[in-house]
Each structure stands twice: as structure tokens, then as C-alpha cells.
Amino acid sequence: MKHLVRELPPVHAFKKSEQFIKLIETTGLTESRVITVIQQIISDLRVKLLTGTSPIENPSKENFFNYIITRTEESVHKRQEDFLTPVINGTGTVLHTNLGRARLSDDAIAHVVAIAGSYSNLEYNIDEGKRGSRHDILEELLIEVTGAEAAMVVNNNAAAVYLILRALAKDKEVIVSRGQLVEIGGSFRISSIMEESGANLVEVGTTNKTHLYDYQNAISENTGMLLKVHTSNFKMIGFTESVQTEALVTLKNQHEGLIFYEDLGSGSIYDFRKDGIGEEPVVKEVIQSGVDLVSFSGDKLLGGPQAGIIVGKKELINRLKKHQLARVLRVDKMTFAGLEKTLRDYLTSEEATRKLPTVRDITKTLSEIENQANAFITALTEVDTGYHCYIKESTSQIGGGTMPDVQLPTYVVSLTHATYSENELAEKLRLGTPAIITRIQEEQVMIDFRTISIEEMPELIQAFIVADR
Ligand SMILES: *Cc1c(COP(=O)(O)O)cnc(C)c1O
């Protein structure tokens, strides 16, 4: 096969071809970028010919040419597709970590777009005409929504935990209940992050029970911190006991210099208990109970962009801001922009808060969900398809390791198809544009309308019609 290598068309042979010219026209790419792709494909083909693994059945100049130009077209189109793409979340899990957690409100999105496209006062004090600090940007707002003395924002809550331990408890003992030594999705373990930070973990109590005296007995002159971790993603039931935040505050106050830090995980600003959902305390209450530092995620119950929010005592926050790591873990202007608008909605009115997509979807009423499910079925039955679908009761989860014991009542549409199995159908929906992510249960594809917005309905229906073909 080696002699065939001589039959390979040279790169310039492609430049005048109809296909090449069309490819440049339709993609807007430069000639040299497309040439680079062609060169790569020729070189791959050469290797294949030399090793006797030709992908072409009847080698000839013409067939080589066609093979190379077809591969080039495929490759160029593939490269032009964005990797990050919107999907429709039909799982009903509101804070789906694999699907990007919270979606932002329209106002937050508009603010991100405006700030991303222009210069901004990210580190500039407009009033005084001189350098400012990005740490100050959201501090006032965070103080207002949480009632804390001071605040700062880092990359995510994992970064917040790390910064706090490293800056305030390095080489000191940090006391944690064994029942709270959690692992949170994607390999974030409290014990590992502690080791990484240089703080010394002191475990107290047992898996199911930790008493106040366990903490009392563990406190020594080397103790720097009491750490309480929200057991976000699991729920212990039965013979269990943990120490109330208030009791730990009292204990901490008996020891000069001891810091009490609570990793809240989700940290909600909106009180979901009012809607009968979960038992999550709002951040303000935790601060009021006297905890020195609290950290939580920006993209969990808060419903903003990925961020780690730290609030608490001014003196401690100042130490964190001055630490070298604060620079390493700092957030971008787009995050600040998204977070700013999200926080403002909490301060504007209850109505504005309820419009935040995360709050809206978690508190979405059964009748709203049922209406959407009905509209979907009606639209689908107007077209001749192989679907068989009906509405049934089910439950949705909040997700993101938040309120794991809460099952929100919902309505789903359950679908089967005349020709496709449930797995085939789910795959067709997933591979369509936009991708639709569903749940499979009892050999049926299920779509939960809690996480589908009214705006997404036409696209969703269209995607189901396309998947039917
Ligand atoms: C989710 C969570 C984290 C990690 O937060 P990210 O914002 O995802 O980095 C840390 N601690 C607890 C208790 C959590 O629930």
C-alpha cells in the first residue's frame, strides 16, 4: 500500500475546489485554518496508508480527494459547535449539579452581559477617582441580607472552607463532630480539605451522636476553631443527636480566641419553611445565634452564580481578605454582576424574590405544574406521533445536596413510544437540539415540569416531535 502515498493529493489541490470555497463561505473561517485541518487529515491518512490500514476501499486520486474533503467538512463543523450548550432539565431536580445548578434571573443575566462587554468599576472607586477593592463590591448587600458585620466572596464554597481553615486555623486543632465529617459530591471531603489546609482535625462524638461534653472535653490550648458542617446531602434518622448552634456559641464564648465557624452548604436567604418546605434555617438566624463565621454557596438555594460567600465578624473577615489565598480564590466581574442582581432581588420585595428561578421552581405550585403538563400533552396529541403519554403524581428533589429529605410533590408526564424503547427515546431526546434530560422509571420516560419554564415549552414540544421521527 505504500506506493499509494504518492497518489495523495497535495494541499493546494484543495484550494480551488468547490467544496473548499463553500466551506470558507459558510463557516467564515480563514483559508489557513481550513488548510491546517486538511494537512492534519492528509498526514493521518498517510500514516494509515503506510501502516496498511487504509480507510478507503478503492484507493484512487479521486477517492482520496473526496475522503479528505469530507473529513475536513466534518471536522470543521464539529469544531464550530460549542461544547457548552443549553439543555432542558426535565428531571425536576432544581439544583442539578451536573446541569449547572441554579439558573440566573433575567435581571442577573442582563447585568452579567452589560458588565462582561464593557469596562467596569471592578477595582475602581468612581466617587474618589482612585483604586478600589473588588471585595467591597457586594459587601453592603451581603451585610443587608444576612445581618452580618462583614462579608466577602470567593470562587465557591469549597474555596471558602479552605480559605477559612488555612487563614485562621493552620497548625491549630479544629473540632468537628464525627457525624458531620461529610463528603459532598465531586470528592469534596471535610477531612481532606482540612488536611490540605494544614489545620489539625479533632473528631469528637460518634457517627450518630455527639454531645456538648464531647466538644468540651476536646478543647485544649491548641484548639483554634469549632467547625459545624451542614450535613447537606444526607439525613440521619433514628437514634441521633447533634449539638445545637446556640450551645456551641456559649461554649466558644467561654474560651478566649476560639472561633466558631459554620459551613452551611446551601445557605438560604428566602425562608422556605414558610412554604412548608424543609427545615433549613436562613443565614440571618445563624448569624444572629452568634456564630463567628458562616459560609455558603452562591449557586445553591441562593440561586445565583457559582461563588462561595463568607459572612461574619469584621475582624475575621478582614484577616481573610488580607490572606494571600484571597487573591488566588477571587471571583470574576461576571460573577459579581450575577450575584449583585440576585441579592438585590432579595432586598426588593417578596415578589421579586419569588421570581428568582431557584426560589420560583422550588415553590412552584402543583396547579402550575399540572397546567404545563396538560399543555404539553395537548400539543403533542395534536400531531400524529408514536407517543403514548399521561400525567401522574410524582416527587421532585431540590438537589445540589440540599434538603435531601424533602420530596416536593409534582406532576410528571410519563411517556412510552410505539417504536422506541424507553432508553432509545431518552437517548434521542438527549442527543437532540436542545438536549432534553429526562428520568427513566418503570420502563417509561418521565418529564417533570417543575424545572421547565413556560418559555421553554415550545422548544420542548418541538424537540419531542423531532425525536418521534
Ligand atoms: C455544597 C457544599 C460545599 C461545597 O460548595 P461548592 O459551592 O459546591 O464548592 C461545601 N460544604 C457543604 C456543607 C456543602 O453542602
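Counting convention: from 1, in listed order, for ligands and their atoms alike. All values reported here derive from a predicted model rather than from experimental measurement.
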Quick note on ligand 1: atoms under 4.0 Å from a heavy atom of A158 include exactly 4 (C), 5 (O), 6 (P), 9 (O)
Where does K300 meet ligand 1, judged by heavy-atom distances below 4.0 Å: at the side chain, the backbone, both, or neither?
side chain
Could you check whether Y124 and Y119 have their ring centres less than 6.0 Å apart?
no
Here the pair of heavy atoms bringing V406 nearest to G278 is CG2-CA, 3.5 Å
Side-chain donor-acceptor pair present, D448, T410, cut-off under 3.5 Å
yes
Quick check on contacts: which atoms of ligand 1 are under 4.0 angstrom from a heavy atom of S297?
5 (O), 6 (P), 7 (O)
Note: ligand 1 atoms sitting under 4.0 Å from heavy atoms of D263 are 10 (C), 11 (N), 12 (C), 13 (C)
Could you tell me whether some N/O pair between G265 and ligand 1 is separated by less than 3.5 angstrom?
no
T245 and K228: side-chain donor and acceptor closer than 3.5 Å?
yes
Using a 3.5 Å cut-off and no angle test, enumerate the donor-acceptor pairs between side-chain atoms of residues 333-343 and protein atoms at least two apart in sequence or in another chain.
unit_1 : atom_1 : unit_2 : atom_2 : d
E340   : OE1    : H111   : NE2    : 3.1
E340   : OE2    : R344   : NE     : 3.3
E340   : OE2    : R344   : NH2    : 2.7
T342   : OG1    : G338   : O      : 2.6

Test item: K284 side-chain N/O and G147 main-chain N/O as donor-acceptor pair under 3.5 Å
no
Distance filter under 4.0 Å to H230 heavy atoms, resulting ligand 1 atoms:
13 (C)
The answer for which part of R101 has a heavy atom under 4.0 Å from ligand 1 is side chain
